[in-house]
Amino acid sequence: QVQLAESGGGLVQAGGSLRLSCTGSGRTITSDNMAWFRQPPGKEREFVAGIRWRGDTTDYADSVKGRFTISRDNAKNTLYLQMNSLKPDDTAVYYCASAGTAYYTRVKTMRHEYNYWGQGTQVTVSS
C-alpha cells in the first residue's frame, strides 16, 4: 500500500507561483496513474491535473490549462504541480492521488477512480 504526502502549499499573491510536491512511500509510484485534485472552501473536490501511467500523457482542467504543469521525478518518487499565474480562485486544499498502476488509455479525471490520497496542502492566493 502506498502513502502519499503533499508539501509546498502556502500563501501567495495573485500572479505568483508555487510548486507542490507529492512524495510516495511504502512503494514506488513511478508507474502509477497520478493526479492533483483541489477542494475550494465550501465546494466539491475537483480534478486539476493528471498524468497517465508512465508519464506519456497529461490532462488538465480547463481552468488551469496554460498555467499549471504536472510532472514526476521517478528518481525521487515524487509528483509535482507547478502553478504559475495564480489567481484567488485557485485557493483550495490540494490533494495528490493515485489510481494504481493499471494501464488506462486516458488520464482518469473522476475522484472515485483514485483510491490512494494524501492529506492535502493548503494554497491561498490573495488578491
Side-chain angles (χ1 to χ4, degrees):
Q1 187 167 343
V2 64
Q3 292 80 44
L4 303 173
E6 303 93 339
S7 62
L11 174 64
V12 63
Q13 288 189 331
S17 298
L18 282 174
R19 188 178 77 160
L20 305 183
S21 300
C22 171
T23 301
S25 61
R27 65 167 178 79
T28 179
I29 60 171
T30 58
S31 295
D32 282 44
N33 300 279
M34 302 291 296
W36 289 95
F37 285 74
R38 67 186 182 187
Q39 187 162 11
K43 296 184 179 181
E44 295 292 316
R45 195 172 299 187
E46 62 185 15
F47 173 82
V48 174
I51 186 165
R52 191 174 67 101
W53 200 49
R54 294 187 178 175
D56 60 341
T57 305
T58 58
D59 197 8
Y60 297 90
D62 288 343
S63 59
V64 306
K65 280 181 182 176
R67 300 188 298 122
F68 290 11
T69 303
I70 187 171
S71 63
R72 65 203 311 167
D73 184 332
N74 291 338
K76 296 182 178 179
N77 209 35
T78 298
L79 179 76
Y80 298 103
L81 184 68
Q82 178 66 44
M83 306 187 295
N84 299 329
S85 302
L86 283 161
K87 305 174 182 180
D89 284 349
D90 295 319
T91 294
V93 178
Y94 283 72
Y95 299 88
C96 69
S98 166
T101 59
Y103 176 80
Y104 298 113
T105 58
R106 60 170 180 82
V107 172
K108 298 294 186 180
T109 62
M110 304 299 290
R111 180 179 176 179
H112 70 269
E113 296 175 310
Y114 289 82
N115 41 20
Y116 298 104
W117 293 83
Q119 293 184 333
T121 186
Q122 176 70 47
V123 172
T124 302
V125 184
S126 63
S127 57

Please name the pair of heavy atoms, one in [X] and one in [Y], separated by the smallest distance, quoted to 0.1 Å.
X      : Y      : value
Cys96  : Leu4   : SG-CB, 3.7 Å
Ser127 : Ala14  : CA-CB, 4.4 Å
Ser85  : Arg67  : O-NH1, 2.9 Å
Ser17  : Asn84  : OG-OD1, 2.9 Å
Asp32  : Thr101 : OD1-CG2, 3.2 Å
Ser126 : Leu11  : CB-CD1, 4.4 Å

Please say yes or no: joined through hydrophobic side-chain contacts below 4.5 Å, possibly via intermediate residues, are [X] and [Y] part of one cluster?
X     : Y      : answer
Met34 : Phe68  : yes
Leu18 : Val125 : yes
Val93 : Trp36  : no
Ile51 : Val64  : yes

When you compare the side chain of [Y] with that of [X], does any pair of heavy atoms fall below 4.5 Å?
X      : Y     : result
Glu6   : Tyr94 : no
Leu20  : Met83 : yes
Ile29  : Ser98 : no
Ser63  : Lys87 : no
Val107 : Phe47 : yes
Ile70  : Tyr60 : yes

Between Thr78 (side chain) and Lys76 (backbone), is there a donor-acceptor pair under 3.5 Å?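 Flag set: sc Thr78 to bb Lys76 pair under 3.5 Å.
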Examine distances only and state if a side-chain atom of Arg106 and a backbone atom of Asp59 form a donor-acceptor pair shorter than 3.5 Å.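 Flag not set: sc Arg106 to bb Asp59 has no pair under 3.5 Å.
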Check the surroundings of atom CD in Gln3: do more than 12 heavy atoms from other residues, nucleotides or ligands lie under 6.0 Å from it?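 Above 12, so yes.
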Chi angles and distances behind the side chain to side chain contact (heavy atoms under 4.5 Å, CB included) call for Tyr103, Asn33: CA-CA 8 Å; Tyr103 176 80; Asn33 300 279; over 6 Å; no
Return the set of residues passing side chain to side chain contact (heavy atoms under 4.5 Å, CB included) with Asp89 (not counting sequence neighbours), or none when no residue passes. none
Given the ring of Tyr104, does Arg52 sit roughly above its face, with NZ or CZ under 6.0 Å from the centre of the six-membered ring and within 45° of the axis? no
Phe37 ring centre to Arg111 NZ or CZ under 6.0 Å, with the angle to the axis within 45°? no
Between Asn77 and Arg27, is a side chain to side chain contact (heavy atoms under 4.5 Å, CB included) present by the stated rule, with each step listed? CA-CA 9 Å; Asn77 209 35; Arg27 65 167 178 79; over 6 Å; no
Rounded to the nearest 0.5 Å, how far apart are CG of Leu79 and OG of Ser71?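 It comes to 7.0 Å.
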Working to the nearest 0.5 Å, report the span between OG1 of Thr58 and CZ of Arg72.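 Between Thr58 OG1 and Arg72 CZ, I get 11.5 Å after rounding to 0.5 Å.
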Salt bridge check, Arg38 against Asp90: does any charged N sit closer than 4.0 Å to a carboxylate O?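 Salt bridge present between Asp90 and Arg38.
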With under 30° as parallel and over 60° as perpendicular, where do the rings of Tyr95 and Trp117 fit, or are they tilted in between?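 It falls in the perpendicular class, over 60°.
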